[in-house]
Amino acid sequence: MASPVTPRSQDFPRWYQDVITQAELADNGPVRGTMVIRPWGYAIWERIQAEIDRRIKEAGAENAYFPLFIPESYLTREAEHVEGFSPELAVVTHGGGRQLDEPVVVRPTSETVINSFIAKWVHSYRDLPMLVNQWANVVRWELRPRLFLRTSEFLWQEGHTAHVSEEDARLYALRILREVYQSTMEDVLSVPILLGHKTRRERFAGAIRTWTCEGMMGDGKALQMGTSHELGQNFARAFGIQFTSEAGTQEYAWQTSWGVSTRLVGALIMAHGDDAGLRLPPALAPVEVVVVLIRDEEATRAAAQQLVSELAAASRRVRLDDRVATSFGRRSVEWELKGVPVRLEVGPRDLAEGQVTLVRRDIQEKRTVALAGAVTESVAALAAVQSGLLAEALQAREERTFSASGGDEAVEAVEAGGFALLPWDALGEEGETRLAGSGLTVRCLRRPDGTLAEADDESGLIAVVAKAY
RNA sequence: CGGGGAGUGGCGCAGCGGUAGCGCACCUGCUUUGGGAGCAGGAGGUCGGGGGUUCGAAUCCCCCCUCCCCGACCA
């Protein structure tokens, strides 16, 4: 039987599509660029969401909900913001069977509406910081959609905050970057990321600075997995977010906004997937352990059910696969495609020896373990998969990261996929433009030691250059 | 939005003027079950949509739509 997915090394985009189909993650929607997220894919998203949401709340922000429709006039209030988003707006011109007096825009992001309300709610420095987050769908009309990576409609979280000082705003943007985003991506998704700030060219429309989390995918391309922006006072001025300071003066607030989307599911697929399909870190797996009943006999069924209840009692997400009408081989392949981290196979042959077979999805290691110790072994294997995936991704990134002295060298180094590190001082914005001609972008700027720069014009910064999704 | 390719049962494809077929999946039965099971039977298609040419169109012509690949914009 041929493999259900195209080998990853043969055709990465095709492989990506195959995994999404075979693992039943998503389908294309009926309108170009739209996506149907299937139950298995949505369950993964729900787990990502839960992890992000918990951290956002720990960082002090509260959830709220703002409308999908935005008056077109709001968008135009901040010059760079409109300019940045105009090409991808979906605009509603008719409603209730009549042409609307003012067209409404389907939100591409909610800075404008949310800030118009923050302006209403903030009066005094005592009202600050104001920390608001919303979980929502947004629409950015896409000409070249890819499931999870670029769709015209996607799901995300967008945080919007207002602070008394530039420093407070900056610290909060960085706190979200590290304590919410980096933490979730590395500890939960098991995807190592590079933190840095974007160049002017790659900055969010309307921001004074954009911080980013950049991950490397299995083909060596970069994926922007999350961003946190310092908005300065741009939106505060546009929407009149003013407050009375401690000294009694009227001041404009300093703001941030930050978001991650269903793109993270795409990151997960591309960072960890292999020729057998998806590989899920246990923290996100809708099913952590699947107990496969090989043959339905009294003893095997009793043992399998016992394992299921013990794993459930140990708070593991577990499922019994007793579809014995379907061949064992098929069922194994299905769970591998779906990325379930640990599989316990219960059959009469092992059971006669008081054993079951434990399979780790990440390294496809198969070994027999004592029935009595199977739960403990499974829990240990889950921990090993969680950290193993991160270590593997980190090693892959290191193997594909090269130092370069100039643009040409970078192009050469990154041709087959990977990150090139080169001095930003030497490259500069003209160099960045030239790289764009070769399909390369500066993913982020960072200090040689990997820490985050204080200022854009700090000397000695390193540009991370790569092809990107 | 430019350049290239393709739309035929759920999926992958063949057929390229004479009235639609194959593989996989699906349904039923029996035999199977330790890595995508076997046999037998069965169901499923206004051939992307519209218009034209023709005695006759999946097949030829025109228009539209969608999808995939490559380039400019993006979470």
Side-chain angles (χ1 to χ4, degrees), chain A residues 1-6 11-14 16-18 21-22 27-34 83-89 107-109 136-158 181 198 201-205 210 212-215 222-229 257-267 276-277 292-297 300 321-337 343-353 355-357 359 364 366 368 433 436-439 441 467-469:
Chain A
M1 190 67 197
S3 168
V5 297
T6 304
D11 185 342
F12 197 86
R14 178 109 183 253
Y16 178 74
Q17 278 294 344
D18 287 349
T21 304
Q22 296 292 330
D27 264 331
N28 283 307
V31 171
R32 178 178 165 75
T34 61
E83 199 184 325
F85 281 104
S86 289
E88 31 187 5
L89 293 181
R107 62 177 165 226
T109 177
N137 58 338
V138 285
V139 169
R140 299 180 187 177
W141 214 257
E142 282 298 341
L143 302 172
R144 212 180 146 186
R146 295 254 269 132
L147 288 175
F148 290 114
L149 301 178
R150 264 192 320 263
T151 47
S152 287
E153 178 190 4
F154 57 90
L155 306 181
W156 79 344
Q157 145 284 307
E158 51 178 321
Y181 295 162
K198 288 292 192 186
R201 185 191 175 91
E202 300 280 326
R203 196 185 285 163
F204 174 75
T210 289
T212 182
C213 304
E214 297 287 325
L223 182 72
Q224 180 176 307
M225 293 171 60
T227 46
S228 184
H229 316 289
S257 69
W258 24 276
V260 295
S261 72
T262 37
R263 173 178 272 191
L264 289 179
V265 178
V292 179
L293 187 63
I294 294 172
R295 201 191 293 223
D296 196 0
E297 295 172 1
T300 52
D321 179 356
D322 60 354
R323 300 170 299 160
V324 289
T326 303
S327 77
F328 168 74
R330 168 169 298 276
R331 290 185 287 151
S332 302
V333 169
E334 280 178 9
W335 293 117
E336 279 164 12
L337 285 165
R343 196 163 74 239
L344 285 176
E345 303 172 348
V346 184
R349 209 163 66 204
D350 284 338
L351 204 56
E353 318 274 324
Q355 295 177 323
V356 294
T357 299
V359 189
Q364 298 285 40
K366 195 178 230 188
T368 51
T433 306
S438 312
T441 52
K467 288 187 180 175
Y469 278 99

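Excluded from the calculations below are hydrogen atoms, water molecules and symmetry mates; all remaining heavy atoms, backbone and side chain alike, are included. Here the structure is a predicted model, which means the values were calculated and not measured. Naming convention: chains lettered A, B, ... in sequence-line order (proteins, then strands); numbering from 1 in each chain.
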For nucleotides rC16(B) and rU53(B), find the distance between their P atoms and express it as a whole number of Å. 25 Å
What's the gap between rA75(B) and rG12(B) when it is taken at their C1' atoms, as a whole Å value? 33 Å
Could you check whether G259(A) gets within reach of a base, just the sugar-phosphate, or nothing at all, counting any heavy atom under 4.0 Å? nothing
P spacing across the pair rG52(B) / rC11(B), given as an integer number of angstrom: 30 Å
Among all residues two or more places apart in sequence or in another chain, which pass the salt bridge (charged side-chain N to carboxylate O under 4.0 Å, His left out) test with E336(A)? R343(A)
So what does T357(A) hit on the nucleic acid, given a heavy-atom distance under 4.0 Å: a base, only sugar-phosphate, or nothing? base
With rounding to the closest Å, how many angstrom separate the C1' atoms on rU32(B) and rG38(B)? 8 Å
So does R343(A) reach the base of rG35(B) with its side chain, donor to acceptor, closer than 3.5 Å? yes
Interatomic distance at C1', rG3(B) relative to rG50(B), whole Å: 27 Å
Does S327(A) make a side-chain donor-acceptor contact with the base of rA37(B), cut-off 3.5 Å? no
So if I define the base as every atom that isn't primed, P, OP1 or OP2, how would nucleotides 64-72 of chain B read as a B/S/- string at a heavy-atom cutoff under 4.0 Å? ---S-SBBB
Distance only, no hydrogens: is a donor on one side chain within 3.5 Å (strictly under) of an acceptor on the other, for T368(A) and D350(A)? no
For rC74(B), take OP1 and OP2 only and decide whether either is under 4.0 Å from a side-chain N or O of R263(A). no
Ranking rG34(B), rA75(B), rU33(B) by distance to the side chain of T227(A), first place goes to rA75(B)
Tell whether K366(A) reaches the base of rG35(B) with its side chain through a donor-acceptor pair below 3.5 angstrom. yes
On a plain distance test, is the side chain of E336(A) in donor-acceptor contact with the base of rG35(B) below 3.5 Å? yes
CD of E353(A) versus P of rG34(B): gap in Å, rounded? 18 Å
Without decimals, in angstroms, what is the distance between R140(A) CZ and rC74(B) P? 10 Å
Taking only the P atom of each, what is the distance from rA14(B) to rC73(B) in whole angstrom? 36 Å
Select base, sugar-phosphate, or nothing to describe what L149(A) touches, counting heavy atoms under 4.0 Å on all strands. base
Using the P atoms only, state how far rG23(B) lies from rG4(B), rounded to an integer number of Å. 37 Å
So, under a plain 3.5 Å distance rule, would you say the side chain of S332(A) forms a donor-acceptor pair with the base of rG34(B)? no
Taking R107(A) first and then E158(A), would you say they form a salt bridge - that is, a charged N and a carboxylate O separated by under 4.0 Å? no
Nearest-Å distance once atom C1' is located in both rG15(B) and rG45(B): 15 Å
Any side-chain heavy atom of L149(A) within less than 4.5 Å of one from Y16(A)? yes
Gap between atoms CG and C1', on L337(A) and rC11(B) respectively (whole Å): 15 Å
Ring stacking, F154(A) with base of rA75(B), under 5.5 Å and under 30°? yes
If I take atom CD1 in residue I294(A) and atom C1' in nucleotide rG34(B), what distance separates them, rounded to the nearest angstrom? 5 Å
What is the distance, rounded to the nearest whole Å, between atom CZ of F204(A) and atom P of rC73(B)? 18 Å
Under 3.5 Å for both distances, Watson-Crick or G-U wobble, that's the pair rule; now give the dot-bracket for RNA chain B, with | marking pairs to another strand and [ ] for crossing ones. ((((((((.[[[[.)..(..]]]].((((((.....)))))).....[[[[[..)....]]]]])))))))....
Using a heavy-atom cut-off of under 4.0 Å over every strand shown, decide if D350(A) touches base, sugar-phosphate, or nothing. base
5' precedence on RNA chain B between E345(A) and H229(A) (nearest-nucleotide basis): E345(A)
From rC74(B), rG35(B), rG34(B), pick the nucleotide closest to the side chain of V333(A)? rG35(B)
Please assess E334(A) against R323(A) for the test salt bridge (Lys or Arg N to Asp or Glu O under 4.0 Å), listing each intermediate value before the final yes or no. CA-CA 12 Å; E334(A) 280 178 9; R323(A) 300 170 299 160; 3.1 Å; yes
Kindly assign one of parallel, tilted or perpendicular to the pair F204(A) and H229(A), based on the angle between their ring planes and the thresholds 30° and 60°. parallel
